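Order of the sequence lines sets the chain letters (A, B, ...), proteins ahead of strands, with each chain counted from 1. Since this is a predicted model, take the numbers as computed values, not measurements.
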Protein chains: 2
Amino acid sequence: MIALPDTASPLYEKVKDYILTNIGTGKWSKDRKLPSENEFVATLGVSRMTVHRALRELTSAGFLIRLQGVGTFIAPPRPQSTLIEINNIAAEIVARGNRHRSEVIVLEKIMPTKELALSFEFTKRTSVYHSVVVNFENDLPVQLEERFVNPSLIPDYDKQDFSKTATYDYLMQKTPVTEVEHIISAIPADAETARHLAVDVGSCCLLLHRRTWTGAIVATISKLTYVGSRYSLGSRYSPSKSP
Amino acid sequence: MIALPDTASPLYEKVKDYILTNIGTGKWSKDRKLPSENEFVATLGVSRMTVHRALRELTSAGFLIRLQGVGTFIAPPRPQSTLIEINNIAAEIVARGNRHRSEVIVLEKIMPTKELALSFEFTKRTSVYHSVVVNFENDLPVQLEERFVNPSLIPDYDKQDFSKTATYDYLMQKTPVTEVEHIISAIPADAETARHLAVDVGSCCLLLHRRTWTGAIVATISKLTYVGSRYSLGSRYSPSKSP
DNA sequence: AGCTGACAAAAGTATATACATGTACGTATA
DNA sequence: TATACGTACATGTATATACTTTTGTCAGCT
C-alpha cells in the first residue's frame, strides 16, 4: 500500500499528482499500460470512483488515453498545432487607440437559400436573420460583415441597433458558443464588396468564414471580408499555457 | 418532472445539454441563480451525483460559476477569442488523400538585413539560414514558404534534404516551440511569387507571417504564401474542451 | 483455417449515502 | 447593540455498490 502525501488537497488531486509524477519521472514507461482502476484501489487504498475521477480528468487534460475494456495508456506527445486568435474587431480597433464606427446596410428576416439552410443543418424551412454591417476604423472601412443568425437561439436579433452595439458583442452575450468553425481564404473583391469597402474591384481581400454552434444547434454563420491592404489578423500564442 | 430526451448519450450529458439550452435560449436570465443540485434532482429525476457531474463539467468549461454554500450562476461572457489552428501543410495534404511534393529553391546561410536582424531580436551580427521551398498538392503549387532559421538553435538546418522531410516536421522535431506569433494578410502576388506559384501577377494570395520562439530566443521567421484560389486555412474548435 | 459463442477484464455510468465545508440569516445572549 | 450560536441550505468530497458497454481472449465447433 502506497501512502499519498498528507497535504491539504482533495484525494483525487493527490491521485492525479501521484500518476503525473510517475509519468514525469519515467517510472512508467511511455508504452506500458498503466495500472487498472481496481489496481489503484488496491495499491492506494482509495475508492474506485476517486481513482476514476483522477484518471478521467487526466484524460480530458490530454495526458492519458483510455480504452474501455482495454486499459489506460500514456498519451503520445500532442501533434503540434499553432493557433491564431480572432478577436472582436470593434474591441481591437479601440485597443489600437482608434475610433470604431459601424454602418448597418441590411437587417432583415429572410428565408434561407437551400445552400444556407444546409449550412444551418435545418431539417425544416425556417427563416433566419440576415445582417450586413460595415466596420470603420477612423472612417476608413476595414471589414464587411455579413451574418446569418438562427432565430431560435437569438429571437430578437433584428431589434438591435448595431450601429451602437457590435454584432459580435451582442451575440457573445446572448448565447454561449460551444464550437467554432473557421475558414480563411484570400479572394478578389466583387463589385458590391468593393463598393462597401471603398476599394477597386478585384483588389485582395481576406475572407473569413465562420460558423458557431450552441450545443448541437448552428447559432450563426458569418462571412467577414477584410481589406487586405488595411487589415491583418494577428496573434501571439503560447502552446504550453492553457487558454 | 421534466423529461430529458431519449437519445443514446449518458445522462450527465443530457443534463448538460438541458442546462446549456436553457442558458442559450435565455430562459434562465443572465444574473439569476440556477436551480440548486437538489432542485435538479427533483425536477429531472436523476441523482445528485449525476447533476453534480454535469454542473462541475460545465463549470470547468467556463459556462458556470459555483460558490460553495451560495449557489450556481451563469458565467459572464468570456472575452471570447476564437482560434484557428494551423497545421503542417504536408500532413494536411496527405490527410486529404492527395500527393505532397516539395521543391527546394534556395537553401543557404546569409547575413540578415537590418530589418530581419531586428525581427530576430539579435544584438550582434550573426548569419542565419535561409530557405525557400515550394509545396505542391498533386503537382499544383499551393504554398511558397520562405524561412529564416536561427543557427544557434538549429545548427545543421542546411544539411537537410527538404524535398524529403518537410521543413515544419524537421523544425518541430528539433526544438520545442514555446511561443508563436502569426500575422495573416491578403496581398497580390508579386512577379517572383507568381512565377513560383504559377499564377498571374496580382492575383490574390494569403500571406502568413510566423515567428516562433524557443524560450526567449526567436527560433524561426517564416513567410508562407498560399494561392488564394487553391488553399484556405480552416479549423473547428471547441472552446469548452481542453486541448 | 475460420467462425462462433462464452467468458473475463476494464472502463463507463448511475445511484444512494455520508460527511465536510462554506454562506446566509435569524435568534439568543453578553 | 453587538457578538455568538444554531439552523438551513448550498456545493464539495469520498465511498460502496450495481449495472452496462466495450474489447480481447480462447476454447470448441464446422
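Atom NE2 in B/His52 sits roughly 16 Å away from atom C1' in C/dT13 (whole-Å rounding). Atom CG in B/Leu4 sits about 16 Å away from atom P in C/dT13, given to the nearest Å. Between A/Leu64 atom CG and C/dA11 atom C1' the separation is 13 Å, expressed in whole Å. At whole-Å resolution of the value, CZ in A/Arg56 and P in C/dT13 are 8 Å apart. Distance, B/Arg53 CZ to C/dT13 C1': 8 Å, rounded to whole Å. Atoms CG (A/Leu58) and P (C/dG12) sit 12 Å apart, rounded to a whole Å.
Contact check, A/Tyr12 against D/dA14: no side-chain N or O comes under 4.0 Å of OP1 or OP2. Under 4.0 angstrom from either OP1 or OP2 of D/dG12 there lies at least one side-chain N or O belonging to B/Arg66.
By the ring pair (Phe, Tyr, Trp, His ring centres under 6.0 Å) test, A/Tyr12 pairs with no residue at all, sequence neighbours left out. Partners of B/Tyr157 according to the ring pair (Phe, Tyr, Trp, His ring centres under 6.0 Å) rule, which considers only residues two or more places apart in sequence or in another chain, are B/Tyr129, B/Phe162. In this view, A/His130 and A/Phe148 satisfy the ring pair (Phe, Tyr, Trp, His ring centres under 6.0 Å) rule, not counting sequence neighbours.
Both B/Leu34 and A/Thr50 lie close to DNA chain D; mapped to their nearest nucleotides by heavy-atom distance, the more 5′-ward contact belongs to B/Leu34.
Distance check, rounded to the nearest 0.5 Å: CZ of B/Phe63 to CG of B/Leu58 gives 7.0 Å.
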Would you mind writing out the side-chain donor-acceptor pairs for residues 13-20 of chain A within the sub-3.5 Å range, not counting sequence neighbours?
residue, atom, partner, partner atom, Å
A/Lys14, NZ, A/Pro5, O, 3.4
A/Lys14, NZ, A/Thr7, O, 3.3
A/Lys16, NZ, A/Glu57, OE1, 2.8

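Using a 4.0 Å cut-off on heavy atoms, the residues of residues 35-44 of chain B that approach DNA chain D are B/Ser36, B/Glu37, listed by number.
In this structure, a donor-acceptor pair under 3.5 Å is present between the side chains of B/Arg147 and B/Ser222. Counting only N and O atoms by type, the side chains of A/Asn38 and A/Ser36 include no donor and acceptor under 3.5 Å apart.
Across B/Arg101, B/His100, B/Gln143, a single residue satisfies side chain to side chain contact (heavy atoms under 4.5 Å, CB included) together with B/Phe136, and that is B/Arg101.
Taking a cutoff of 4.0 Å between a charged side-chain nitrogen and a carboxylate oxygen, B/Glu121 and B/Arg211 qualify as a salt bridge.
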Review point. Which parts of nucleotides 16-26 of chain C does protein reach within less than 4.0 Å, heavy atoms only, written one letter per nucleotide 5' to 3' as B for base, S for sugar-phosphate only and - for none?
Key: BBB--BBS---

